[in-house]
Amino acid sequence: MSTQATLFTNGRIFLSGVNPGTNAGLTRSPTFADCMLVRGDKIEHVGSSSDEVISTALASRSVTTHDLQGKTVLPGFVDGHLHLMLLGQALNKLDLVRCKNLEEIRSTIREYAAANPDMPRILCRGYMHIQLPNGATAADLDDLDELNRPILIDSKDLHSTWCNTAGIKELGAENWADVPGGVIERNSNGKLTGVFSEAANITYVWPYLASVASMEERTAAIRSAVTAYHEAGYTGMIDMAMDEGAWEAIQALIATDGSIPIRFACYWLVKPLPTEAETLAQVDRAIELASQFNASTAPDCRIVGIKVICDGIIDACTAGLSQPYEHNSHFEVPLWTHAQLEPVVKRANAAGLQIALHAIGDATIKMVVDILSAHANPDNRPRVEHIELASAEDAARLGQNRITASIQPVHADPAILKAWPKLLGQHRCGRAFAYREFADHGAPLALGSDAPTAPHAPLGNVYVATTRKSYREPELETAVNPHFALGLCESVAAATEGAAYSCFDDHRIGSLKKGHKADFVVVDMEWENEKLMQSKITETWYDGNKVFSA
């Protein structure tokens, strides 16, 4: 007896035709089929309702028809870069992203603290450096909670944490030693200000917050993240900061529920430690886990490689630049030097792991492209994350060396770049987010959101990629370097097949074709980049099962 099948008809089934590394250009026209046959967890056929295979299936009476009513079917989106545990936890933190200044931050936290007297600590997210022109201090937060609980706030980019005096005490920060590439801010008297950035944040604050979260809280955070992603149209995610606490929680959830209805590919976070041996031990842990959890043994939840955060961000003046910052003439200390990074890349490459290197400033981008070009096997699909201020030469070298450009267009939103001209000078802003050059030179593109540092709606991401306008503030007329825009077909392909390709999953997900997994999303949309903001996700299907319906 044949398995019951579903025929999706009266719709537009997207066929991208944009293979990773293909320069599709701005004007590639989309190709659509008019029906798709799904049987079990696989796509059996994509084509025309007049095709013989459709007639045969209908005649067998084992087919249910699903009328799409003219809607568009896209492959299930795969977020090419996010932070799973941080996202799940952030969904339960007080969001400050819409605050415009310190006073709005203070009043929002004060009201929240008064309304939530039973919380052991006040956890917030989303402050931006541009909101605080005079800097952030613990004293700014000390009078907001009558119970004097710790208040800890993630910066929007996750590179810094700002806390009150009670938070400093709970963290035990007075006893922290400086770490390479870390910033433990102190005032002129040597007193902690309550701000911890870059490697100090990763080394001290992240593990502490993980340690005070119970297993129940961590698994609930994962469930929350998966639910939110289904609602947004995702069926896959690539985690870019996996560590022991998050991995333990994922495995506990799988043990409890049997499976998690989304596909995980995870990059193990490698931090700069005092000695090379300690640093390489983290790579060895990733190698060990990848031998147990891989495409053969655990295709839907696997360790695929390592992630290294090689510099900071431009807004905090911690990205590695070839010329000093415009406003203060400073060169900041890089998180990793060439000498530190090279053995890490060599060890991971020798083991066949994928390598993902965060690089935002032009000097850091040059360093990581140098190292990947010399020491990473292109067949392992190495990648650079963010690539926000690349030189023309390095933009070209990505494609020449088959290095995936892992980009997050929501970071190019003009609403959050207002400080860049002051920090970089207008002349350097002209090199920001050079996506068109990456594509033109043949770099495979993988679109991601970097959630929770930015909105994770995939079509919002595509909107910024193709228009270079603001998703956060649609009323803004500014467009950031529109000559670097991507085309709509290539952007959707990069957010689906490109992201799947980046972690060796394009043989089964990321495009709608016979034999692939039945992971797809139904969208009420017009195929026009300027109208993407009006698009609505109406259904998300994973493994042939509907996991979200609007």
Side-chain angles (χ1 to χ4, degrees), residues 78-88 158-159 199 202 206 210 222 225 229 234 236-251 262-272 279-295 298-311 335-336 341 344-360 368 371-372 375-377 379-387 403-408 444-453 456 498-506:
V78 179
D79 194 330
H81 181 128
L82 85 156
H83 305 281
L84 170 66
M85 183 60 68
L86 294 172
L87 169 64
L158 296 180
H159 283 247
I202 298 168
W206 288 10
I222 295 170
Y229 263 50
Y234 289 103
M237 50 175 64
I238 301 176
D239 185 277
M240 276 292 164
M242 188 54 60
D243 61 13
E244 298 287 357
W247 186 250
E248 181 184 29
I250 290 173
Q251 297 307 312
I262 203 160
R263 307 192 197 282
F264 296 101
C266 305
Y267 287 77
W268 198 255
L269 183 62
V270 175
K271 298 176 285 191
T279 301
L280 290 177
Q282 299 170 95
V283 182
D284 291 339
R285 176 59 173 154
I287 295 169
E288 176 190 8
L289 287 171
S291 71
Q292 301 173 48
F293 302 93
N294 52 58
D300 295 327
C301 186
R302 58 205 169 97
I303 300 294
V304 298
I306 62 164
K307 159 73 177 304
V308 182
I309 303 174
C310 299
D311 69 349
L335 300 185
W336 288 74
L341 184 60
V344 168
V345 170
K346 286 182 175 180
R347 178 74 63 92
N349 181 70
L353 292 185
Q354 291 194 262
I355 299 161
L357 304 180
H358 162 128
I360 284 179
V368 303
I371 291 175
L372 291 176
H375 303 298
N377 183 348
D379 291 341
N380 290 340
R381 299 183 188 175
R383 48 194 287 165
V384 184
E385 311 301 309
H386 309 307
I387 331 174
I403 298 170
T404 296
S406 172
I407 55 177
Q408 300 74 44
L445 301 179
L447 257 65
S449 73
D450 201 18
T453 74
H456 59 265
Y501 166 91
S502 75
C503 63
F504 285 97
D505 225 5
D506 52 315

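For clarity, every value in this text was computed on a predicted model and none was experimentally measured. Just so you know, these numbers use all the heavy atoms, side chains as well, and skip hydrogens, waters and symmetry mates.
Listed for the Asp450 side chain is no donor-acceptor partner under 3.5 Å among the backbone atoms of Thr453. The backbone N or O of Ser502 lies less than 3.5 Å from a partner atom in the side chain of Gln354, making a donor-acceptor pair. A donor-acceptor contact shorter than 3.5 Å links the side chain of Asn294 to the backbone of Ser291.
Ionic pairing of Asp243 and Lys271 is not present here: no N-O contact between side-chain nitrogen and carboxylate oxygen is shorter than 4.0 angstrom. Ion pairing of Glu244 with Arg285 is present here, as a side-chain N (NZ or NE/NH1/NH2) and a carboxylate O approach within less than 4.0 Å.
Summarising the geometry, atom CG belonging to Leu269 is positioned 11.5 Å from atom NE2 belonging to His358; distances are rounded to the nearest 0.5 Å. Ile306 contributes atom CD1, which lies 5.5 Å from atom CD1 of Ile355 (distance to the nearest 0.5 angstrom). Rounding to the nearest 0.5 Å gives a distance of 12.5 Å between CE of Met242 and OH of Tyr267. Taking CH2 from Trp336 and OG1 from Thr279, the interatomic distance works out to 5.0 Å, rounded to the nearest 0.5 Å. Rounding to the nearest 0.5 angstrom, the gap separating the CG atom in Leu87 from the CG atom in Leu158 is 10.0 Å. Here the CG atom belonging to Asp79 is positioned 8.0 Å from the CD1 atom belonging to Ile238, to the nearest 0.5 angstrom.
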Would you please test Asp284 and Arg347 for side-chain contact (heavy atoms from CB on, under 4.5 Å) and show each step?
-> CA-CA 8 Å; Asp284 291 339; Arg347 178 74 63 92; 2.8 Å; yes

List the steps, then state whether side-chain contact (heavy atoms from CB on, under 4.5 Å) holds for Val304 with Leu353.
-> CA-CA 6 Å; Val304 298; Leu353 292 185; over 6 Å; no

Test side-chain contact (heavy atoms from CB on, under 4.5 Å) applied to Val344 and Leu280, step by step | CA-CA 6 Å; Val344 168; Leu280 290 177; 4.1 Å; yes

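Two residues are said to be in side-chain contact when any heavy atoms from C-beta on lie closer than 4.5 Å; Thr404 and Tyr501 meet this criterion. Contact of the Trp247 side chain with the Cys301 side chain is registered, since non-hydrogen atoms from C-beta on lie closer than 4.5 Å. Contact check for Lys307 versus Cys266: no side-chain heavy atoms found under the 4.5 Å cut-off. Using a 4.5 Å heavy-atom cutoff, the side chains of Arg383 and Met240 are in contact. The side-chain heavy atoms of Leu341 and Leu357, taken from C-beta on, include a pair separated by under 4.5 Å. Between Leu84 and Ile250 there is a side-chain heavy-atom pair separated by less than 4.5 Å. In this structure, the side chains of Arg302 and Cys503 come closer than 4.5 Å at one or more pairs of heavy atoms. In this structure, the side chains of Pro452 and His83 come closer than 4.5 Å at one or more pairs of heavy atoms.
When all heavy atoms are compared, the tightest approach of Ala199 to Pro272 is CB-CG, 4.3 Å. In plain terms, the two heavy atoms of Ile387 and Ser406 that are nearest each other are CD1-N, 4.1 Å. Closest approach of Asp300 to Arg263, counting heavy atoms only: OD1-NH1, 2.8 Å.
Between His456 and Tyr234, the ring planes lie tilted relative to each other; the angle falls in the 30° to 60° range.
Residues satisfying the ring-ring contact (aromatic ring centres under 6.0 Å, His included) test with Trp206, not counting sequence neighbours, are none.
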